[in-house]
Every structure is written in structure tokens, then in C-alpha cells.
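We count residues from 1, following the sequence as given.
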Amino acid sequence: MRITHRCLNQAAAARRLSLRPKSTSFIGLGRMGSEMAFNLFSKQYALANDAHFVVCDAVPAASISFVNNFLSQFPGAQIAIAATPEEATLASSTVVTMLPSSPQVRTVYEDDQGIIPTLKKLSSDPLSPSTFCIDGTTLDVSTAKSVAHAVLQSGSRMVDAPVSGGVTGAKAGTLSFLVGGAKEDFDAAQPLLAHMGQRIIHCGASGSGLAAKIVNNMILGVQQVVVAEGMLLGEKLGLDPAVLASVVGSSTGSCWSMTTNNPVPHALADKSPPCERDYEGGFAMALMLKDMGLASNVGKLSNCPLPLGEAAERIYAAAIEADPGLTKKDFSAIYTRLRSQAGL
């Protein structure tokens with residue numbers, strides 16, 4: 001079959017119905033999504049060179065760039081661009097979404113040209129195979145449950161599978177997936193998720209994966225702040241950052257934020273965290289603030305006190321307000337804000 005670069009229109013998508021079982025669509029090609037999609041498609045292509053792939057993003061240039069990059073390395077691949085989630089769903093029986101947050105998930109799944117209305121149309125066609133949706137977005141649990149319920153009601157299947165491991169893990173294919181959904185759907189998702197990650201954990205029913213991810217990211221957000229505080233205090237006390245990182249990294253204060261995502265340049269001689277690249281290429285502070293907000297909201301709804309989580313949320317919010325340039329920087333850049341406040 002001839003390789004196509006052009007966007008699929010609805011007629012082209014309809015013609016692909018017979019190819020849906022061989023096709024996987026990936027919607028959302030941001031920092032995480034583009035790396036995940038590349039790993040997924042390249043490994044699927046290695047297993048079956050007649051596999052078909054479709055990408056879709058709100059920014060058309062992101063889709064074009066991805067396709068050009070993929071074809072440069074796999075020139076025989078069958079890959080196309082969908083202009084809308086509807087086209088992506090018509091084209092593939094497996095649809096993976098990796099989006100910024102709850103509003104984008106609602107748009108992609110619930111809008112007129114979204115996934116759920118398309119699934120309802122497909123359900124009336126006895127020749128169309130069932131669709132399996134996997135959402136890797138970190139979003140609020142209530143939205144995830146609502147979307148999953150609508151997908152299941154359409155006769156399709158779905159799991160929520162938020163990830164842990166950041167952009168580095170996405171690129172290396174070493175992510176952890178925290179999966180919520182029925183056991184049989186988790187079992188079905190495992191082989192596909194294994195193309196993008198190493199640890200795949202069934203956390204329980206729909207929404208459970210997100211609950212686990214929100215807890216994890218709240219802890220991480222708090223840790224990164226206190227690591228920044230500790231490294232700054234050490235500097236004030238005259239300690240060499242590399243020595244301090246080594247001491248804490250081999251002591252009871254050790255954590256990922258200290259040993260892998262240390263915020264001080266040259267503190268980790270054998271690693272290259274975002275601070276070595278002016279805090280570029282990591283987990284954006286705006287996204288961490290979003291996740292801290294999700295934790296705060298669910299804490300209030302659950303009547304669960306989160307004093308440190310809420311304090312860390314305020315610290316990230318104040319940092320972005322004071323310096324909007326931090327919005328897209330790795331969240332370890334909170335260190336630069338504290339350093340500025342310290343007069344350094």
C-alpha cells in the first residue's frame with residue numbers, strides 16, 4: 001500500500017475500516033506523547049510490517065514533524081495523519097490518548113468530532129471491530145470515570161493508564177503505567193503498554209490508576225521543593241553541591257529528586273538532569289502545578305488534610321506568577337526561584 005502523508009478525510013477513514021484491526025491511532029504528540037508514540041509504533045512495526053499507524057494532534061505541525069521523523073527511520077511504514085479524533089477513531093481499533101489535562105480529554109472524547117460520538121456511530125456497524133481506548137493523561141478522577149463509562153456504554157473498552165517516569169522514561173521506553181479498569185481490559189492492554197514502559201501495574205477499577213498517579217505526583221512535587229531547599233541551604237552553609245548530593249543520595253534523605261532530578265548544575269557528575277540544560281526538556285512546572293491542584297481538589301473532596309501538598313502547590317504557583325518563564329521549565333527550576341529569594 002502506498003504511504004500517505006496527507007490528512008485523512010472522512011471518506012478515506014471509512015475506506016480504512018477493514019484495516020482497523022491492524023491500525024493504532026495515537027492522539028496527543030507533546031513531549032511525552034511523541035516519545036511514547038515513537039516507541040509504540042516502532043516496536044509494533046518490528047513485529048508486523050503490515051501494521052498501520054495514525055497520529056493526531058491539535059497542532060498540525062506536530063503531526064507532520066512526527067510522521068517525517070518516523071518515516072526517515074522506517075521508510076516502509078504505513079502512517080497517516082488524522083485531522084480530528086473522529087478520523088483517528090474511524091481509522092483504528094486501538095486508540096491511545098496522551099493529553100495535557102481534563103479539559104483536553106473532555107474535548108477529544110466528548111466533542112461532536114470526538115472519540116465517543118464516533119464510537120456510537122461505529123457500534124451500529126456490525127462489520128466494525130470493537131475499539132480499545134487507552135488514556136495516559138493525568139486528569140481528575142471524576143472526569144476519567146465519566147469518560148470511561150461513556151466509552152463502555154458505546155460497546156467499546158477502556159483503561160486509564162497514567163504514566164510515571166517523565167520525558168526521559170518516555171524516550172527510553174522505561175515508563176511505569178498505573179492502570180485502572182477491568183482486569184480483562186488490563187490484561188489486553190499489557191502487551192501494548194509494554195512497548196512503551198517496563199512496569200505495568202493494575203491499580204484497580206476505572207479511575208484507580210489516576211488516583212495512584214495523583215498521589216505519586218503530589219509526593220514528588222513536595223520532594224522537589226524540599227530538595228531545592230536543602231541544596232540551597234547547603235550552598236549557604238558552604239557545602240559543595242556534588243558532595244552534598246552524594247551524602248544525601250546515600251543517606252536516609254535520598255529520593256529521586258535528589259539522585260536523578262537534582263536542581264543544581266554539576267551536582268550529579270554521572271547524570272544530565274534538566275538543570276544542565278537550563279531546566280529544559282523535563283516535566284514542565286505548569287504540569288506539576290496542575291497535578292498538585294488535582295491532589296488538593298481530591299483531598300478536599302475526600303476530607304483528607306494535605307498540609308505539605310497544599311503548601312507545595314502554593315510555592316509552585318507563586319514561582320510561576322513571579323516568573324512566567326518558569327511555566328515550561330522543568331519543575332526542578334523551583335530551585336532558581338528560591339535562590340533568587342535568597343539573594344543569590
> Donor-acceptor check, side chain of Asp160 to backbone of Gly209, threshold 3.5 angstrom: yes or no?
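Yes, the answer is positive, given that a donor and an acceptor are paired below the 3.5 Å cut-off.
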> Show the numbers, then the answer: is there a side-chain contact (heavy atoms from CB on, under 4.5 Å) between Arg339 and Met231?
CA-CA 10 Å; Arg339 202 167 185 274; Met231 294 301 295; over 6 Å; no
> What's the separation between atom NE2 in His52 and atom OG1 in Thr24, rounded to the nearest 0.5 Å?
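Between His52 NE2 and Thr24 OG1, I get 10.5 Å after rounding to 0.5 Å.
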> Over 60° means perpendicular and under 30° means parallel, so tell me whether Phe331 and Trp256 are parallel, tilted or perpendicular.
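The rings of Phe331 and Trp256 lie parallel, inter-plane angle below 30°.
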> Is the backbone of Lys120 close enough, under 3.5 Å, to the side chain of Ser123 for a donor and an acceptor to pair up by distance?
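Present.
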> How close do Leu193 and Phe177 get, heavy atom to heavy atom, and via which atoms?
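The answer is O-CE1, 3.5 Å.
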> Say you draw a straight line from CG of Asn68 to CD of Gln73; how long is it, rounded to the nearest 0.5 Å?
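One gets 12.0 Å once the value is rounded to the nearest 0.5 Å.
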> For this output row, return yes or no: ring centroids of Phe53 and Phe26 closer than 6.0 angstrom.
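No, the ring centres sit 6.0 Å or more apart.
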> Keeping Ser65 on the side-chain end and Ala62 on the backbone end, is there a donor-acceptor pair under 3.5 Å?
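The answer is no, because no donor-acceptor pair under 3.5 Å joins these two groups.
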> Can you check side chain to side chain donor-acceptor pair (under 3.5 Å) on Thr138 and Asp291, steps first, answer last?
CA-CA 8 Å; Thr138 299; Asp291 289 354; 4.8 Å; no
> Side-chain contact test, heavy atoms from C-beta onward, threshold under 4.5 Å: evaluate it for His149 versus Lys145 and give yes or no.
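SC-SC contact between His149 and Lys145 ruled out.
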> State, yes or no, whether a side-chain contact exists between Leu90 and Lys121 at a heavy-atom distance under 4.5 Å.
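A side-chain contact is absent here, since even the closest heavy-atom pair is not under 4.5 Å.
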> Looking at every non-hydrogen atom in both residues, tell me the closest pair between Ala319 and Met285 and how far apart they are.
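The pair with the smallest heavy-atom distance is CB-SD, 4.2 Å.
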> Please answer whether the main-chain N or O of Gly282 pairs with a side-chain N or O of Arg31 as donor and acceptor at a distance below 3.5 Å.
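The answer is yes, because a donor-acceptor pair under 3.5 Å joins these two groups.
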> Given Leu40, which of Gln44, Lys43, Met36 fulfils the side-chain contact (heavy atoms from CB on, under 4.5 Å) condition?
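For Leu40, the side-chain contact (heavy atoms from CB on, under 4.5 Å) check succeeds only for Gln44.
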> Taking atom SG of Cys275 and atom CG of Asp330, what is their separation to the nearest 0.5 Å?
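Result: 8.5 Å between the selected atoms.
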> For residues Pro100 and Leu287, report the shortest heavy-atom separation together with the two atoms involved.
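In terms of heavy atoms, the two residues are closest at O-CD2, 4.3 Å.
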> What's the separation between atom CG in Leu220 and atom NZ in Lys213, rounded to the nearest 0.5 Å?
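It comes to 9.0 Å.
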> With a 4.5 Å limit on heavy-atom distance, are the side chains of Ile334 and Tyr316 in contact?
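A side-chain contact under 4.5 Å exists here.
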> Output yes when a side-chain donor or acceptor of Ser93 lies under 3.5 Å from a complementary backbone atom of Arg20, and no otherwise.
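Checking the backbone N and O of Arg20 against the side chain of Ser93, a donor-acceptor pair under 3.5 Å is found.
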> Would the distance check show the side chain of Thr107 and the main-chain N or O of Pro103 forming a donor-acceptor pair, the cut-off being under 3.5 Å?
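Yes, Thr107 side chain to Pro103 backbone: donor-acceptor pair under 3.5 Å.
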> For the pair Thr131 and Arg157, evaluate side-chain contact (heavy atoms from CB on, under 4.5 Å) and give the outcome as yes or no after the intermediate values.
CA-CA 6 Å; Thr131 306; Arg157 304 162 72 185; over 6 Å; no
> Any sub-3.5 Å donor-acceptor pair from Lys329's side-chain atoms to Tyr279's backbone N or O?
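Judged by distance alone, no pair lies under 3.5 Å.
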> May I ask you to decide whether Lys271 forms a salt bridge with Glu276, counting only side-chain N to carboxylate O separations under 4.0 Å?
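Here Lys271 does not pair with Glu276 in a salt bridge, since their nearest N and O are not under 4.0 Å apart.
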> Counting distance only, does the side-chain N/O of Glu87 pair as donor-acceptor with the main-chain N or O of Ala83 below 3.5 Å?
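The answer is yes, because a donor-acceptor pair under 3.5 Å joins these two groups.
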> Are Asp323 and Arg337 close enough for a salt bridge, meaning some N to O gap below 4.0 Å?
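A salt bridge is absent here (no side-chain N lies under 4.0 Å from a carboxylate O).
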> Less than 4.5 Å apart, side chain to side chain, heavy atoms only: is that true for Ser25 and Thr89?
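The answer is no, as the side chains (C-beta and beyond) never meet within the 4.5 Å cut-off.
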> Donor-acceptor pair, distance only, cut-off 3.5 Å: does the side chain of Arg199 make one with the backbone of Ser176?
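The answer is no, because no donor-acceptor pair under 3.5 Å joins these two groups.
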> Quick one: pull up OG1 in Thr143 and CD in Gln104 and give me the separation to the nearest 0.5 Å.
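Rounded to the nearest 0.5 Å, the OG1-CD separation comes out at 11.0 Å.
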> What do you reckon, are the aromatic ring centroids of Tyr45 and Phe41 less than 6.0 Å apart?
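So the answer is no for these two rings.
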> For residues Pro117 and Asp112, determine if any side-chain heavy atom of one lies less than 4.5 Å from a side-chain heavy atom of the other.
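They are not in side-chain contact.
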> How close do Leu29 and Cys56 get, heavy atom to heavy atom, and via which atoms?
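That closest heavy-atom pairing would be CG-O, 4.3 Å.
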> Do side-chain atoms of Ser302 reach the backbone of Val298 as a donor and acceptor pair under 3.5 angstrom?
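Looks like yes, one N/O pair under 3.5 Å.
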> Nearest 0.5 angstrom please: Ser206 OG to Met158 CE, how far?
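Going from OG on Ser206 over to CE on Met158, the span is 7.5 Å.
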